[in-house]
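Bear in mind that the values here come from a model prediction, so they are computed numbers and not experimental data.
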Amino acid sequence: MLTAATGVVAACGRREEKAADPGEPPAPTGPREGTLEWAVAGDWRTNDSARDVWRHPLETLTFFGLQPGMTVVEFWPGAGWYTEILGPYLARGGGKLYAAGFELGETPVPAQAQLMERFRDRFRNRRVYGDVEITEFGPTSVEVAPAGSADLALFMRSLHLFMAAGLAEKAFADAFVALKPGGILGIEQHRAAADEDQDPAAASGYVQEAFVRQLAEEAGFVFVEASDINANPEDTKDHPFGVETLPPQRLSAPMGEPPDPTFDHTPYDEIGESDRMTLKFRKPA
């Protein structure tokens, strides 16, 4: 009798297994839709995600404080490497993205015009990116976004380009105007050695961190924090064609000249992408 009773108790304690319904959809895998992790992992990034190991987009945007529902201004987004993350994330979260591209004017630089056309083609009429509003930043541009509307402005590896164009001070001023009081300016930039003289045109692509802080403070920003998320101690910063000698550009000749087929890329490929500062500033409330 004891054995029978024990068997009944054991049977009552077992969970009844339910066969899977072949008609049910499979359980979702991967990051939850709408999260920053989801935006970084998106299959629409197939041409861009290989560089995540160097650019650390999840960690970088988290450091800058990106949140759903924010209004964000991305200055000179280039081909849209970060736009591919920001667009879907902000669209799902009820936010807004302004992409402040080149100011083309009446006689545009052909390369800039082509890049902007490709950017529009890439992000126009694709639901995943939401409504990316393309504005302009340049010598005579008025506003990158409505004044006091933005929570976050981003200079992503673009400050040396502003310097080369004589637009560095204007970039900081325009970001300051666009941001709300308390808004954040996030900067990722190739970092020059601290003991080198700063080239005003940043021809090598590298910029001193102290110089960036000075520009930001002169525009009215308050320094918040720095991160080594994008640091690369292997970068010697003495490359024959500046930072563009390194991946992903991998120049083998001066910009605008034909590639040199005899150039040995090996030591530069081994370095990887550049050493970069990642800085956060705030517009005072």
Side-chain angles (χ1 to χ4, degrees), residues 55 60 63-64 72-79 81-83 98-105 108-109 111-112 115-116 119 134-145 147-148 150 152-179 183-227 230 235 237 241-244 246 249 255-256 274-284:
R55 299 209 64 182
T60 300
F63 173 73
F64 290 148
V72 178
V73 184
E74 185 184 7
F75 281 68
W76 282 8
W81 198 91
Y82 260 103
T83 314
Y98 290 91
F102 298 115
E103 181 187 18
L104 298 178
V109 177
Q112 294 181 350
L115 183 60
M116 288 306 302
F119 184 88
I134 300 175
T135 59
E136 293 184 333
F137 169 68
T140 64
S141 59
V142 177
E143 60 180 18
V144 294
L152 176 64
L154 297 171
F155 298 169
M156 306 304 283
R157 304 185 1 153
S158 54
L159 181 55
H160 63 294
L161 302 176
F162 303 155
M163 292 171 64
L167 295 171
E169 289 82 0
K170 188 175 189 296
F172 281 95
D174 286 7
F176 193 89
V177 170
L179 286 166
I184 296 296
L185 170 62
I187 300 177
E188 177 195 352
Q189 177 58 43
H190 313 297
R191 175 168 42 199
D195 58 353
E196 293 183 0
D197 293 335
Q198 179 61 61
D199 171 13
S204 70
Y206 291 96
V207 183
Q208 285 185 343
E209 184 170 330
F211 185 70
V212 178
R213 293 197 192 194
Q214 177 184 330
L215 288 172
E217 290 167 4
E218 288 175 352
F221 287 100
V222 175
F223 175 71
V224 177
E225 190 177 0
S227 171
N230 294 299
D235 183 4
K237 310 174 186 183
F241 313 111
V243 73
E244 305 297 356
L246 300 176
Q249 293 293 344
M255 187 76 72
S274 68
D275 174 53
R276 299 182 305 284
M277 65 187 100
T278 308
L279 308 176
K280 182 162 61 174
F281 300 89
R282 176 178 289 114
K283 178 178 178 176

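Between Ser274 and Val243, the closest heavy-atom pair is CB-CG2, 3.5 Å. Closest heavy-atom contact between Val73 and Val144: CG1-CG2, 3.8 Å. Contact record, Ala168 with Leu215: CB-CD1, 4.2 Å, taken as the closest heavy-atom pair. Residues Val207 and Met277 approach most closely at O-CE, 2.9 Å, considering heavy atoms. A pairwise comparison of heavy atoms in Gly242 and Tyr206 identifies C-CE1, 4.5 Å as the closest pair. Contact detail for Ala153 and Phe75: the closest heavy-atom pair is CB-CE1, 4.2 Å.
Judged purely by distance below 3.5 Å, without hydrogens or angles, the side chains of Asp199 and Ser204 never pair a donor atom with an acceptor atom.
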message = Applying salt bridge (charged side-chain N to carboxylate O under 4.0 Å, His left out) to Arg213 and Glu209, what does each step give before you reach the verdict?
response = CA-CA 6 Å; Arg213 293 197 192 194; Glu209 184 170 330; 2.9 Å; yes
request  = Check the pair Leu154, Leu152 against side chain to side chain contact (heavy atoms under 4.5 Å, CB included), reporting the backbone distance first and the verdict last.
outcome  = CA-CA 7 Å; Leu154 297 171; Leu152 176 64; 3.9 Å; yes
inquiry  = Set out, in order, the CA-CA distance, both residues' side-chain angles and the distance that settles ring pair (Phe, Tyr, Trp, His ring centres under 6.0 Å) for Phe102 and Phe137, then state yes or no.
reply    = CA-CA 6 Å; Phe102 298 115; Phe137 169 68; 9.6 Å; no
request  = Check the pair Asp174, Glu143 against side chain to side chain contact (heavy atoms under 4.5 Å, CB included), reporting the backbone distance first and the verdict last.
outcome  = CA-CA 7 Å; Asp174 286 7; Glu143 60 180 18; over 6 Å; no
request  = Verify side-chain hydrogen bond (donor to acceptor under 3.5 Å, both in side chains) between Thr278 and Asn230, making sure each step is shown before the conclusion.
outcome  = CA-CA 7 Å; Thr278 308; Asn230 294 299; 3.0 Å; yes
query = Taking it one step at a time, do Glu74 and Thr83 satisfy side-chain hydrogen bond (donor to acceptor under 3.5 Å, both in side chains)?
reply = CA-CA 8 Å; Glu74 185 184 7; Thr83 314; 2.8 Å; yes
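With contacts defined as side-chain heavy-atom distances shorter than 4.5 Å, the pair Arg157/Arg55 qualifies. Side-chain contact between Pro77 and Tyr82 is absent, with no heavy-atom pair separated by less than 4.5 Å. Between Leu185 and Phe64 the shortest side-chain heavy-atom distance does not fall below 4.5 Å.
Ring geometry for Phe223 against Phe281 counts as perpendicular: the plane angle is over 60°, on a 0 to 90° scale with 30° as the lower cut.
Residue Tyr98 holds its OH atom at 14.5 Å from CD of Glu136, rounded to the nearest 0.5 Å. Interatomic distance, Met156 CE to Glu188 CD, rounded to the nearest 0.5 Å: 4.5 Å. Note that the CG atom of Leu167 and the CG atom of Leu161 stand 10.0 Å from one another [nearest 0.5 Å]. We find the CD-CD1 distance between Glu225 and Ile184 to be 10.0 Å, quoted to the nearest 0.5 Å. Distance check: Ser158 OG to Trp76 CH2 gives 8.0 Å after rounding to the nearest 0.5 Å. In this structure, CD in Glu244 is found 12.0 Å from CZ in Phe241, a value given to the nearest 0.5 Å.
In this structure, Gln189 contributes its side chain and Leu159 its backbone to a donor-acceptor pair below 3.5 Å. Proximity of a side-chain donor or acceptor of Lys280 to a complementary backbone N or O of Ala226 within less than 3.5 Å is not detected. The backbone N or O of Thr140 lies less than 3.5 Å from a partner atom in the side chain of Glu103, making a donor-acceptor pair.
The side-chain tip of Lys170 does not point at the ring of Phe162 from less than 6.0 angstrom away and within 45° of straight on.
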